[in-house]
Amino acid sequence: MAEFERLYKKFQPDHYNIYLDINRQNKIFSGKTSITGTAKTNQIAIHQKDLKVSAVKVNDVDVPFTLNNDIDALNIDLPETGKITLTITYSAPLTDTMMGIYPSYYEVNGEKKQLIGTQFETNFARQAFPSIDEPEAKATFDLAIKFDEEAGETVLANMPENHVENGIHYFDTTLRMSTYLVAFAFGDLQSKQTKTTSGVNIGVYATKAHEDKTLDFALDIAKRSIEFFEDFYQTPYPLSQSNQLALPDFSAGAMENWGLVTYREAYLLLDPDNTSLQMKQVVATVIAHELAHQWFGDLVTMKWWDDLWLNESFANMMEYVAIDALQPDWHIWETFQTNDVPAALRRDATDGVQSVHVEVNHPAEIDSLFDSAIVYAKGARMLVMVRALIGDEALREGLKNYFAAHQYHNATGSDLWQALGESSGKDVSAIMHSWLEQPGYPVIHVAVVDGQLTLSQQQFFIGEGQDVDRQWQVPLNSNYDNAPTILTEKTLSLGDYDVLRATAGEPFRVNVGNDSHVIVHYDDTLLRDILTEVDQLEAISQLQILQDLRLLADGSQISYADIVPLLLRFAHSSATIVNDALYRVAGNLRQFVLPDSEYEQALKQFYGKLSDQQFERLGWQAKENETADDQLTRPYIISAALYAENTTAIAQGHAIFKAHAQNLLTLPADTRPFVLRNEVQNFGRDDLLSHLLSEYITSSDASYKQDLRGAITSTKNLKFMTELVAKFEDADVIKPQDLRGWFGSVLRNAQGEQIAWDWLRQEWGWLESKVGGDMEFTTYITVVAGILKTATRLEEFKTFFEPKINQPGLTREITMDTRVISTRVALITAEKAAVNAAIIENN
């Protein structure tokens, strides 16, 4: 493995002057980059990747240079140290990997077109221009772009364009920023514009493959998000523009380039007349997340990638803070509880998981840091705990001081804790150290021992785990006054339980609100007490009971068989978050039954007991003046009813399909995925799947395409499934950015599992060539580990992936996912008979 060195130590840029001449037709570009900076030694290195360097000058004098492609370096011998200007002339190909400078492909009225865009995070700016491509190496940038321009095309960059001369587009000088935040794009675009109350120009841009109304929602959310953050951070947005650009091909979800934020089309554009509330919430939170970054990540940037959480965890929390303020009727924090919290708790319970703050020892490991369940979700939970401890007033004051102290520079986690500690008067650093620096989380055991109410903490594992006696400072959030605010001990006694229970007049609970990153294991006495009053508990507490029981069962601390009879107690809740938790548990029961077996029939009957009454209440069609909870709960209930083979639900779904058969896009978006899936599974004709796939290929509506994918991949038609997998590498059918979703959906289907699993192993080299080195690459392994569940598949997984275990960036994922599958296999083996018996008994 090549030695890893931080290049900023030897050369510190102040300013870049970048000229690029891009030829779309030939997929090449040439460039000339001048870098003014300070050389600390006579031998320096500049990052470059796949650049053909033809000349290097120092202060206008040619100097010798060599390329070391193993470490992406251009080595330069300098005649002198101190202030210098490097001028590097080079050429390179456009990539087709959705990294660096690359084309996005799309069609308008049958005509194939291209939109050129960029993706430079984490370390791909070096594929576009030579640079010190490290977050700490902040500089200002002057950008000039020439390309094979056609009439009416639009050119965008971080800053506004100031003039065009001889076909070259020149842009204003940027503020001081990191290389990975540089961005530009050009092509045949449409846009909509507005201004914030403080005068910031807000734009939303997309190709003309979309109706112009699909830009409206994003424009409104972007404008109001910028206004909200200016107020909340008490720090003005520092640029004159904030443009949002939808790219037809985009590997990530979105990217916070300063002043030119880029998105997958699915996460920016939507039909305001027919998009589900859930999808509107997704788009709104993605936009708010990226705009939170304009301060937290762009204005102040992590010093090195080990503090990636400093960017992502904070933006992940702030997306909910912002949208909760902008759309209070959505109750968006409930989405945090159903999306981020379960992901963090599941991932963080596997031994070997990374901590939120993690060292980076090789460039190839940087992309593997983007573990959404840890750096995003767990990190956000950590900050939610901080917010609850210090309050919004101290949080806002601390952030204002943090931005003032570090703007246009870099910071570390300790800088943030110091600012929040000073504003709140609390030792935030001491409290958060245990959460930041060590992996995992504790299970809080609550029991009555010899009459005493006792609490203890111990690291929780799903599967085998090495207990190294970790300890956390846990915000308890108890409903009993004598419980401490923070649990710092391994074991704590609160006193005589009978006395405490009589005084409080209600069952003892901890982690009320479910904000602390823990789960709670009550003994039988305390759990029975809680369950006697479960109907009186608020929805979040009901969710928490189901969430903790599910995880305890996954960790073999209790049995799934014991949870089965409890589920019916929660089946009539109208709260979305309770139904989410309920059907997560019910969904996990499906791993214990074989498809089309008598036990699956029993499980389907049990699903009917859970869902029949709710389906009768909600049905397929939205009702006038119904609540957001009803809108968001309906998909859970319809899905359960269809699995239960509810004949009324199946027939009504078919009738809705026939009523919209001439234009399936007009199906109500909230229930469209289930109408389509019902049709495929229960009324599928040979030509239906081909028709739906054709709809998928030609549609520009990302939400509709996702619904079509779910329906198509639910088929039991083995011949079609085989033909479908053969199209995985045809970008005209399935774009590389969407392939993981298709692969996972086919793999999850019992009829398609073998075909998809064979494809992955046979085509791994092709897959690596398309998305290798990108943050999405390792998630293919994660998808596989989330589905395989037999001893045979475990051995196949180990046989294929263990030879790759020392490949940089893959080591942790392969090690963890081997444990994930082996744990599932062991759980099914141990509990299968008892769970199936419990399902039959409760029918």
Side-chain angles (χ1 to χ4, degrees), residues 338 342 534 542-543 545-547 549-550 553-554 559-620 629-630 632-654 670-671 673-683 710-711 713-716 745 748-751 787 789 827-828 831-843:
T338 57
V534 71
Q542 294 186 38
L543 169 145
I545 291 167
L546 289 166
Q547 160 202 280
L549 290 173
R550 173 176 55 82
D554 283 338
S559 171
Y560 264 106
D562 294 333
I563 304 178
V564 171
L566 301 179
L567 298 183
L568 293 168
R569 297 191 184 200
F570 299 88
H572 306 303
S573 174
S574 60
T576 304
I577 57 175
V578 176
N579 282 284
D580 179 89
L582 171 65
Y583 286 105
R584 279 183 191 273
V585 179
N588 282 5
L589 299 179
R590 295 170 71 165
Q591 68 191 326
F592 297 102
V593 302
L594 291 174
D596 302 320
S597 67
E598 61 178 304
Y599 294 116
E600 187 181 38
Q601 282 307 120
L603 181 58
K604 288 182 176 184
Q605 185 179 344
F606 184 67
Y607 261 70
K609 290 187 73 173
L610 292 175
S611 63
D612 282 351
Q613 207 169 325
Q614 288 272 50
F615 178 75
E616 190 174 335
R617 179 178 76 88
L618 294 171
W620 281 94
D629 256 329
D630 285 343
L632 294 170
T633 296
R634 182 174 286 107
Y636 293 97
I637 302 305
I638 291 177
S639 179
L642 292 177
Y643 181 68
E645 298 176 344
N646 181 313
T647 54
T648 302
I650 290 171
Q652 289 178 352
H654 182 48
D670 283 303
T671 55
F674 308 103
V675 173
L676 295 172
R677 194 175 307 169
N678 178 56
E679 197 67 19
V680 167
Q681 293 180 336
N682 296 306
F683 303 93
T713 55
S714 71
T715 182
K716 292 186 177 182
S745 295
R748 196 170 288 107
N749 183 332
Q751 296 295 321
I787 297 170
K789 61 180 182 180
L827 179 69
I828 292 170
E831 295 215 2
K832 185 176 182 179
V835 171
N836 285 324
I839 292 167
I840 292 171
E841 184 180 339
N842 285 275
N843 270 327

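Side-chain contact check for Arg634 versus Asp670: every heavy-atom pair is 4.5 Å or farther apart. For the pair Phe592/Leu603, no side-chain contact is recorded, criterion being any heavy-atom separation below 4.5 Å from C-beta on. In this structure the side chain of Gln614 reaches within 4.5 angstrom of the side chain of Asn579, judged on heavy atoms. A heavy-atom distance below 4.5 Å is not found between the side chains of Tyr643 and Gln681.
Below 30°, between 30° and 60°, or above 60°: for Phe615 and Trp620 the angle between ring planes is above 60°, a perpendicular geometry.
One finds the CG atom of Asn588 at 10.0 Å from the CD1 atom of Ile828 (value rounded to the nearest 0.5 Å). Atom CD1 of Ile637 is separated from atom CG of Asp612 by 10.0 Å, given to the nearest 0.5 angstrom. Atom CZ of Arg569 is separated from atom CG of Leu546 by 11.0 Å, given to the nearest 0.5 angstrom. The line from CZ of Arg617 to OG1 of Thr633 is 7.0 Å long, rounded to the nearest 0.5 Å. How far CG of Leu567 is from CG of Asn842: 8.5 Å, rounded to the nearest 0.5 Å. To the nearest 0.5 Å, the span separating CG on Asn678 from NE2 on His654 amounts to 8.5 Å.
With hydrogens and angles disregarded, a donor-acceptor distance shorter than 3.5 Å links the side chain of Asn836 to the backbone of Lys832. In this structure, the side chain of Glu679 does not engage the main chain of Leu676 through any donor-acceptor pair within 3.5 Å. Gln591 places no side-chain N or O within 3.5 Å of a backbone atom of Lys789 that could act as its donor or acceptor partner. For the pair Asn749 (side chain) and Thr715 (backbone), a donor-acceptor distance under 3.5 Å is present. Using modelled atom types, one side-chain atom of Asp629 and one backbone atom of Thr576 make a donor-acceptor pair closer than 3.5 Å.
Residues Leu827 and Ala553 share a closest heavy-atom pair of CD1-O, 3.7 Å. When all heavy atoms of Leu549 and Ile563 are compared, the pair lying nearest together is O-CD1, 3.3 Å. Shortest non-hydrogen contact noted between Arg677 and Ser714 is CG-OG, 3.3 Å. Residues Leu543 and Ile577 come closest through the heavy atom pair CD1-O, 3.3 Å. In terms of heavy-atom proximity, Phe570 sits nearest to Val534 at CE2-CG2, 3.5 Å. When all heavy atoms of Ala640 and Ser611 are compared, the pair lying nearest together is CB-CB, 3.7 Å.
For CD of Gln613, the number of neighbouring non-hydrogen atoms (other residues, nucleotides, ligands) closer than 6.0 Å is 12 at most.
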Worked verdict on Tyr607 versus Asn646 for side-chain contact (heavy atoms from CB on, under 4.5 Å): CA-CA 10 Å; Tyr607 261 70; Asn646 181 313; over 6 Å; no
Working for side-chain contact (heavy atoms from CB on, under 4.5 Å), residues Tyr599 and Ile839: CA-CA 8 Å; Tyr599 294 116; Ile839 292 167; over 6 Å; no
Worked check of side-chain contact (heavy atoms from CB on, under 4.5 Å) between Phe606 and Ile840: CA-CA 8 Å; Phe606 184 67; Ile840 292 171; over 6 Å; no
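With sequence neighbours left out, the salt bridge (charged side-chain N to carboxylate O under 4.0 Å, His left out) criterion links Arg584 to Asp580.
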